[in-house]
Amino acid sequence: MEISSGSLSGALQSSLQGLQKSSDGITEHARNIRDNSLPTQADAEQNQQTTSAPSTTDSLVGLVEDKNLASANIKALQTENEVLGSIIDIKV
């Protein structure tokens with residue numbers, strides 16, 4: 001069984017991109033929750049006119065989704081590390 005170094009670096013790249021995406025999502029959802037938590041009167045009037053801002057509930061659900069995405073990518077990185085260690089042990 002031969003595993004090319006290209007496929008390993010591709011897996012690493014994919015996991016790291018997924019981790020970055022989840023981190024960005026967590027930041028965005030946290031910012032939305034912050035912005036929705038203490039609205040001023042002007043913000044309340046503006047939010048009634050434009051409903052494009054996600055609700056706090058949607059942001060909380062998004063946080064959980066991004067947490068799960070981050071956990072999955074961390075596990076993928078751990079698995080890749082174990083596989084790489086096994087391959088090095090076999091070749092040495």
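Because only heavy atoms are used, hydrogens play no part in the values below, and waters and symmetry mates are left out as well, while side chains stay in. Throughout, numbering of the chain's residues begins at 1 and tracks the sequence.
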Review point. Got a sec, which residues hit side-chain hydrogen bond (donor to acceptor under 3.5 Å, both in side chains) with Asn81, two or more places apart in sequence or on another chain?
Key: none

Check your understanding: Okay, side chain of Ser14, backbone of Gly10: is any donor-acceptor separation there less than 3.5 Å?
Key -> no

Review point. Between CG of Asp58 and CD of Glu65, what distance do you get to the nearest 0.5 Å?
Key: 9.5 Å

Practice item. Indicate if Ile26 and Leu19 have the same hydrophobic cluster label, given that clusters are the connected sets of ILVMFWY residues with side-chain heavy-atom separations under 4.5 angstrom. Key: no

Study note, to complete from the structure: OG of Ser59 to CG of Asp35, rounded to nearest 0.5 Å, is 9.0 Å

**Study point:** Qualifying side chain to side chain donor-acceptor pair (under 3.5 Å) pairs with a residue from residues 24-34, counting only residues at least two apart or across chains
**Key:** Gln20-Asp24, His29-Asp66

Donor-acceptor contacts under 3.5 Å from residues 68-77 side chains, at least two apart:
from, atom 1, to, atom 2, distance (Å)
Asn68, ND2, Val64, O, 3.4
Ser71, OG, Lys67, O, 3.1
Asn73, ND2, Leu69, O, 2.9

